[in-house]
Amino acid sequence: MDTSQTPSENAAQEKGVFLLVNRQMVPIIKTVTTIGRQLENDIAFHEEFVSRFHAEIVLEDSNYVLYDKQSTSGTFVNGKKIDRCVLNSGDVISLANIFLMFVNNNPRIVVRSIGPTQTLRSPQRL
């Protein structure tokens with residue numbers, strides 16, 4: 001185990017939180033994960049329409065929050081332009097022409113989804 005990580009970063013790593021980018025899983029293991037064109041970012045893209053410091057994902061009170069860092073082309077979640085957005089598992093993030101899917105395999109979420117499928121009731125007629 002890497003002892004240089006903070007307890008919060010260790011907790012994030014254990015939760016199974018990641019981005020899907022071009023069929024690759026990129027784990028979100030830090031409290032603040034930076035995204036942009038500059039190599040100093042945690043996730044760097046060599047794409048001219050991505051700003052040098054485009055966006056960041058921050059772990060805040062058990063929520064992952066995406067912030068646009070005043071990027072030129074904007075940051076979008078599920079097709080909607082955002083400045084700040086709490087991410088849910090399955091959200092599609094777009095930066096210029098790059099698409100990423102946020103996945104949160106938190107056990108609390110998974111447990112709710114593995115139960116039996118419920119049947120839909122027919123609408124009641126008045």
Side-chain angles (χ1 to χ4, degrees):
M1 179 184 244
D2 181 4
T3 56
S4 64
Q5 291 182 328
T6 67
S8 181
E9 289 170 348
N10 285 331
Q13 186 173 14
E14 291 172 7
K15 287 183 180 177
V17 178
F18 55 91
L19 294 174
L20 287 176
V21 185
N22 294 331
R23 298 182 186 176
Q24 294 182 346
M25 291 173 48
V26 178
I28 304 296
I29 58 174
K30 297 172 68 178
T31 304
V32 177
T33 301
T34 58
I35 306 169
R37 193 177 69 234
Q38 201 75 7
L39 290 176
E40 292 90 47
N41 286 292
D42 298 306
I43 302 171
F45 294 103
H46 182 68
E47 181 67 44
E48 66 181 286
F49 295 111
V50 173
S51 295
R52 288 177 287 162
F53 298 98
H54 198 105
E56 63 186 19
I57 297 173
V58 180
L59 176 59
E60 297 178 357
D61 299 323
S62 302
N63 290 312
Y64 289 86
V65 183
L66 175 66
Y67 290 93
D68 180 79
K69 301 303 287 180
Q70 299 179 336
S71 64
T72 304
S73 60
T75 301
F76 296 79
V77 174
N78 301 326
K80 186 176 180 182
K81 188 172 183 177
I82 61 98
D83 291 320
R84 175 191 182 278
C85 178
V86 175
L87 293 170
N88 295 301
S89 191
D91 282 346
V92 176
I93 301 165
S94 57
L95 317 169
N97 60 347
I98 296 172
F99 295 90
L100 313 101
M101 180 179 281
F102 176 78
V103 179
N104 185 345
N105 281 335
N106 183 316
R108 288 182 297 156
I109 295 170
V110 173
V111 167
R112 281 188 263 153
S113 68
I114 60 175
T117 303
Q118 301 292 320
T119 25
L120 296 175
R121 289 188 222 154
S122 299
Q124 304 238 341
R125 294 187 184 191
L126 297 175

J.: Would you compute the distance between atom CG of Asn104 and atom CG of Asp91 and round it to the nearest 0.5 angstrom?
T.: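 Atom-to-atom, Asn104:CG and Asp91:CG are 10.5 Å apart.
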J.: Counting only heavy atoms not in Asn22, do more than 12 fall under 6.0 Å of its CG?
T.: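 No.
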J.: By ring pair (Phe, Tyr, Trp, His ring centres under 6.0 Å), which residues pair with Phe102, not counting sequence neighbours?
T.: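 If we apply the ring pair (Phe, Tyr, Trp, His ring centres under 6.0 Å) test to Phe102, skipping adjacent residues, the hits are Tyr64.
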J.: In the single-linkage hydrophobic clustering (I, L, V, M, F, W, Y; side-chain heavy atoms under 4.5 Å), do Phe53 and Leu66 co-cluster?
T.: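 In one cluster with Phe53: Leu66, no.
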J.: In chain order, what residues pass the side-chain hydrogen bond (donor to acceptor under 3.5 Å, both in side chains) check against Glu40, with sequence neighbours excluded?
T.: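 If we apply the side-chain hydrogen bond (donor to acceptor under 3.5 Å, both in side chains) test to Glu40, skipping adjacent residues, the hits are Gln38.
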J.: My understanding is that only residues two or more places apart in sequence, or in another chain, count here; which of them pass side-chain hydrogen bond (donor to acceptor under 3.5 Å, both in side chains) with Thr33?
T.: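 Result, side-chain hydrogen bond (donor to acceptor under 3.5 Å, both in side chains) vs Thr33: none returned.
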J.: About how many Å separate OG1 of Thr75 and CD1 of Ile82, when rounded to the nearest 0.5 Å?
T.: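 Answer for the CD1-OG1 pair, Ile82 versus Thr75, is 5.5 Å.
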J.: Applying salt bridge (Lys or Arg N to Asp or Glu O under 4.0 Å), can you list everything that pairs with Glu60, at least two apart in sequence or on another chain?
T.: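 So Glu60 forms a salt bridge (Lys or Arg N to Asp or Glu O under 4.0 Å) with Arg84.
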J.: What are the two closest non-hydrogen atoms of Ser73 and His54, and how far apart are they?
T.: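 So the two residues come closest at OG-CE1, 3.4 Å.
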J.: Could you work out, with side-chain hydrogen bond (donor to acceptor under 3.5 Å, both in side chains) as the rule, every residue matching Asp83, not counting sequence neighbours?
T.: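 For Asp83 there are no side-chain hydrogen bond (donor to acceptor under 3.5 Å, both in side chains) partners, ignoring immediate neighbours.
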J.: With sequence neighbours excluded, tell me which residues meet side chain to side chain contact (heavy atoms under 4.5 Å, CB included) with Ser94.
T.: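 With neighbours one apart ignored, the set is Phe76, Phe99.
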J.: Rounded to the nearest 0.5 Å, what separates atom CG in Asn63 from atom CG in Asn88?
T.: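 Taking CG in Asn63 and CG in Asn88, the distance rounds to 8.5 Å.
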J.: Roughly how far, to the nearest 0.5 Å, is OG1 of Thr72 from CZ of Phe49?
T.: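 Output value for this atom pair is 10.5 Å.
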J.: Could you measure the distance from the CG atom of Leu39 to the NE2 atom of His46? Nearest 0.5 Å is fine.
T.: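 Nearest 0.5 Å value for the CG-NE2 distance: 9.5 Å.
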